[in-house]
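Every number for a ligand or one of its atoms is a count from 1 in the order of the listing.
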Amino acid sequence: MNTVTSKLRATFLELIKLGEVYPHEDAVISYCLKRLQKEGVAVQQDSYGNIVATVTGAGEPILLSTHLDIPEPNSDLSYLEEETIIRSDGKSILGADPMTGLAVLLEFMDAIRSHNTRHRPVEVLLTRGEETGLLGAVHADYSLLTATQAIVLDENGPITKLVRRAPSYVRFDATLQGKTGHPRLPEAGVNALQAVVVALANLPWGYACDGVTWNIGKMEAGTARNSIPGNVSFQAELRGFDSEQVIREAKRLEREITQHAEAVPGVRCTIDHEFEFEGYAISQDDPFMAAVTGALKEMGLQPDVYETFGGSDASVFNARGITALAMGAGYYNAHHYDEYADLADMATIVDFLHLVVGAEKPEGS
Ligand SMILES: [Zn+2]
């Protein structure tokens with residue numbers, strides 16, 4: 001294992017032990033702040049708690065980003081190592097998403113700071129609450145940033161994975177209000193849980209229509225077996241490349257659910273849907289896309305440019321006019337209990353960043 005790889009390994013192992021879900025990213029935040037300060041990087045937190053770091057340089061600034069939170073708690077984390085692979089033991093997520101990207105960015109910032117090479121100005125934004133709904137990216141203080149080109153290290157796979165198109169996204173929250181009561185006297189209550197089953201029974205599965213996905217991800221209802229549930233709420237979402245079509249389908253589902261729910265006497269249905277972020281498409285001819293794919297080819301790597309129905313902070317950045325490329329961060333099977341990280345991929349990403357940022361690689365790495 002060379003120097004860079006063993007440094008990445010040490011940082012990554014420290015980070016995965018600190019991983020927490022939003023809004024509890026404190027330990028990871030203080031670790032990153034301390035590291036960046038020690039590396040002599042100008043670093044601060046914006047009002048949302050995101051980390052913003054900058055290193056001066058010459059030419060056009062570039063933004064490098066990933067997030068600070070993991071999707072679910074993994075406090076009993078244990079891992080296995082096999083050559084360059086670090087793998088969850090199968091009982092929890094590893095937290096490689098986002099810690100591979102974080103480790104890479106911390107090592108890269110250290111390398112460009114301590115070796116005083118010529119390069120583009122580098123801005124780093126590490127966001128909170130990405131998994132909860134891109135919260136940190138949405139609430140970031142963009143007055144602290146000047147870059148109009150960004151690389152977001154937050155895709156499954158090696159650095160050659162490169163998103164050219166991502167969907168628009170609508171958050172869809174519903175509440176059905178019935179009446180709580182004791183089941184010995186059913187007439188006195190209105191069972192909101194049974195009403196929601198009726199309301200959802202005829203809805204499409206997985207797709208609202210061709211091109212728009214639809215998912216009910218979470219539902220809360222009831223307090224006890226021997227109580228008529230007076231309230232049900234659920235969280236759902238829609239995704240699609242065509243913004244207008246996604247909004248149209250959200251409105252249609254709102255109408256259908258309300259109509260079927262309120263057909264049950266005594267039930268009131270309240271639905272709140274919000275267009276959370278706009279989809280984007282980056283052309284192959286875009287100068288930044290061309291530069292990035294060119295850098296990969298220069299390294300002897302074949303870019304794998306694809307479209308995805310997944311969202312990332314890149315969606316928010318693109319909507320704000322920053323050309324943001326979401327790229328593979330060297331983690332695999334993200335959010336699954338067989339999640340793993342590949343240190344060899346992470347070392348390749350460090351090399352790639354040196355090339356894109358225009359920094360000479362330090363001697364002996
Ligand atoms: Zn992620």
Side-chain angles (χ1 to χ4, degrees), residues 8 11-12 15-25 27-29 31-32 48-51 63-74 77 79 86-88 92-106 108 124-140 150-163 165-167 169 171 215 217 237 239 276-277 279-280 304 306-319 322 324-343 345-346 349 353:
L8 285 167
T11 303
F12 177 74
L15 282 168
I16 55 171
K17 285 170 199 151
L18 302 175
E20 253 301 354
V21 296
Y22 172 84
H24 308 293
E25 306 100 330
V28 173
I29 288 174
Y31 179 89
C32 292
Y48 199 72
N50 299 311
I51 294 177
L63 173 65
L64 306 176
S65 181
T66 191
H67 58 97
L68 296 156
D69 60 315
I70 56 172
E72 62 177 65
N74 64 352
L77 174 70
Y79 58 86
I86 301 174
R87 186 187 298 280
S88 154
S92 74
I93 59 162
L94 181 64
D97 168 13
M99 300 311 176
T100 56
L102 265 185
V104 162
L105 291 181
L106 292 173
F108 177 71
V124 169
L125 174 62
L126 307 176
T127 59
R128 299 182 59 214
E130 190 272 348
E131 301 286 2
T132 318
L134 317 184
L135 299 177
V138 168
H139 295 104
I151 288 172
V152 178
L153 292 177
D154 198 17
E155 286 294 311
N156 219 70
I159 189 67
T160 48
K161 288 283 190 182
L162 206 173
V163 175
R165 194 179 190 207
Y169 183 95
R171 174 179 60 75
N215 184 54
E237 55 143 71
R239 300 170 188 232
E276 292 257 305
F277 53 86
Y280 65 87
D304 179 3
Y306 65 104
E307 56 180 48
T308 174
F309 253 29
S312 77
D313 285 345
S315 301
V316 180
F317 302 153
N318 278 298
I322 300 168
L325 298 175
M327 301 185 72
Y331 61 69
Y332 294 81
N333 305 339
H335 300 210
H336 293 264
Y337 288 3
D338 57 353
E339 186 182 22
Y340 67 93
D342 189 338
L343 295 168
D345 284 332
M346 291 161 68
I349 301 172
L353 291 178

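When distances from the Zn ion (ligand 1) to the N, O or S atoms of His67 are compared, NE2 comes out shortest.
In this structure, Tyr337 OH and Glu72 CD are separated by 4.0 Å, a value rounded to the nearest 0.5 Å. Atom CG of Leu162 and atom CD1 of Ile151 lie 8.5 Å apart (nearest 0.5 Å).
Backbone or side-chain N, O or S atoms of Asp97 reach the Zn ion (ligand 1) at under 2.8 Å. With 2.8 Å as the limit, Asp154 counts as an N, O or S neighbour of the Zn ion (ligand 1).
The backbone N or O of Glu276 lies less than 3.5 Å from no partner atom in the side chain of Arg171, so there is not a single donor-acceptor pair. Judged by distance alone, with hydrogens and angles left aside, the side-chain atoms of Glu339 form a donor-acceptor pair with the main-chain N or O of Leu94 at under 3.5 Å.
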